[in-house]
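Shown next, in structure tokens, is the structure this report addresses.
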Amino acid sequence: DLWTPEDFRPISGPSRGLGEGDRFTMSIAAGVPWKLEVIRLRPNKEICWKGGVPGVLGSEHSFFFEDDAAKTHVRSEELFWGLLSKGLLGALVEREASTGAQLMLTRFASYLDKH
């Protein structure tokens with residue numbers, strides 16, 4: 001919650017760094033709860049969580065970390081499935097998620113600069 005965007009805030013989950021198998025709930029657009037589970041955690045390489053509403057909309061989101069001599073590069077990838085991931089609505093969902101992921105990366109970089 002120190003660096004996540006206003007429309008993607010933790011509601012419940014561990015009060016420590018996330019670990020593989022951890023479950024947590026985020027508040028997404030308009031306060032809708034979104035239950036997630038960390039499915040992959042490779043220290044200094046990747047964190048991936050997945051969740052959603054079966055058949056309606058599911059997602060798997062990964063952040064990949066790559067070290068370079070001067071800094072760490074972070075890349076975000078998200079996969080969607082379910083009814084709301086198709087057609088024009090699916091394109092809108094993907095665009096909104098991409099915008100949110102970029103905002104999260106920007107806020108995270110700003111947080112790191114200050115700490």
Side-chain angles (χ1 to χ4, degrees):
D1 63 344
L2 298 175
W3 50 268
T4 56
E6 294 299 321
D7 63 349
F8 189 72
R9 290 287 197 190
I11 297 172
S12 68
S15 59
R16 54 168 170 68
L18 293 172
E20 193 167 322
D22 281 346
R23 295 173 187 263
F24 59 105
T25 303
M26 300 295 285
S27 171
I28 62 171
V32 174
W34 194 255
K35 295 181 184 294
L36 300 166
E37 178 183 359
V38 178
I39 60 170
R40 278 189 308 281
L41 180 63
R42 298 181 306 147
N44 302 319
K45 295 194 182 299
E46 178 190 16
I47 184 168
C48 179
W49 52 69
K50 75 173 185 175
V53 178
V56 178
L57 182 63
S59 66
E60 182 176 302
H61 192 119
S62 292
F63 287 105
F64 297 95
F65 306 90
E66 297 175 26
D67 282 336
D68 157 323
K71 57 186 172 182
T72 299
H73 299 277
V74 183
R75 180 172 47 91
S76 172
E77 287 184 13
E78 192 153 29
L79 302 170
F80 295 96
W81 57 87
L83 184 63
L84 297 180
S85 69
K86 311 289 186 225
L88 292 175
L89 188 55
L92 175 64
V93 167
E94 285 193 34
R95 186 174 60 243
E96 289 298 313
S98 178
T99 299
Q102 187 57 51
L103 180 57
M104 195 179 320
L105 289 173
T106 300
R107 289 187 61 147
F108 184 54
S110 176
Y111 170 81
L112 290 176
D113 285 344
K114 296 174 186 174
H115 294 88

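- Heavy-atom minimum distance, Gly19 versus Leu41: CA-CD2, 3.7 Å.
- Residue Ile11 is not grouped with residue Val32 when hydrophobic side chains (ILVMFWY) are merged at heavy-atom distances under 4.5 angstrom, including chains of intermediate members.
- Note: Met104 CE to Thr99 OG1 = 12.0 Å, rounded to the nearest 0.5 Å.
- One hydrophobic cluster, built from ILVMFWY side chains closer than 4.5 Å, cannot hold both Ile47 and Leu79; they sit in different ones.
- Arg23 CZ: 12 or fewer foreign heavy atoms inside a 6.0 Å radius.
- Of all heavy-atom pairs between Ser85 and Phe80, the closest is CB-CB, 3.8 Å.
- Note that the CD atom of Glu94 and the CD atom of Glu78 stand 8.5 Å from one another [nearest 0.5 Å].
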**OP:** Could you go through the side chain to side chain contact (heavy atoms under 4.5 Å, CB included) check for Ile39 and Glu20 one step at a time?
**Re:** CA-CA 6 Å; Ile39 60 170; Glu20 193 167 322; over 6 Å; no
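- When side chains are defined from C-beta on, Glu37 does not count as touching Phe24, because their heavy atoms never get closer than 4.5 Å.
- At distances below 3.5 Å, not a single donor-acceptor pair connects side-chain atoms of Ser110 with backbone N or O atoms of Thr106.
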Original post:
Is there a side chain to side chain contact (heavy atoms under 4.5 Å, CB included) between Asp67 and His73 once you walk through the steps?
Top reply: CA-CA 6 Å; Asp67 282 336; His73 299 277; over 6 Å; no
**OP:** Could you walk me through whether Trp34 and Ser59 pass the side chain to side chain contact (heavy atoms under 4.5 Å, CB included) test, one step at a time?
**Re:** CA-CA 10 Å; Trp34 194 255; Ser59 66; 3.8 Å; yes
Subject >> side chain to side chain contact (heavy atoms under 4.5 Å, CB included) evaluation trace for Ser76 with Leu105 >> reply: CA-CA 8 Å; Ser76 172; Leu105 289 173; 4.1 Å; yes
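- We find that Glu66 and Lys71 are not joined by a salt bridge, their nearest charged nitrogen and carboxylate oxygen being 4.0 Å or further apart.
- Residues Arg42 and Phe64 have side chains in contact (heavy-atom distance under 4.5 Å, counting atoms from C-beta outward).
- Criterion: ILVMFWY side-chain heavy atoms under 4.5 Å apart, direct or through other members. Under it, Leu103 and Val74 are not part of a common hydrophobic cluster.
- Residues Glu46 and Ser62 have side chains that bring a donor and an acceptor to within less than 3.5 angstrom of each other.
- The two atoms that bring Leu84 and Val93 nearest to each other are O-CG2, 3.6 Å, heavy atoms only.
- Distance CE/Met26 to NE2/His61: 11.0 Å, rounded to 0.5 Å.
- Counting heavy atoms from C-beta on, the side chains of Thr72 and Phe65 come closer than 4.5 Å.
- Under a hydrophobic-cluster definition in which Ile, Leu, Val, Met, Phe, Trp and Tyr are linked whenever side-chain heavy atoms come within less than 4.5 Å, directly or via other members, Phe108 and Leu36 are assigned to the same cluster.
- In this structure the side chain of Trp49 never reaches within 4.5 angstrom of the side chain of Glu60, judged on heavy atoms.
- More than 12 heavy-atom neighbours from other residues, nucleotides or ligands sit within 6.0 angstrom of CG on Asp68.
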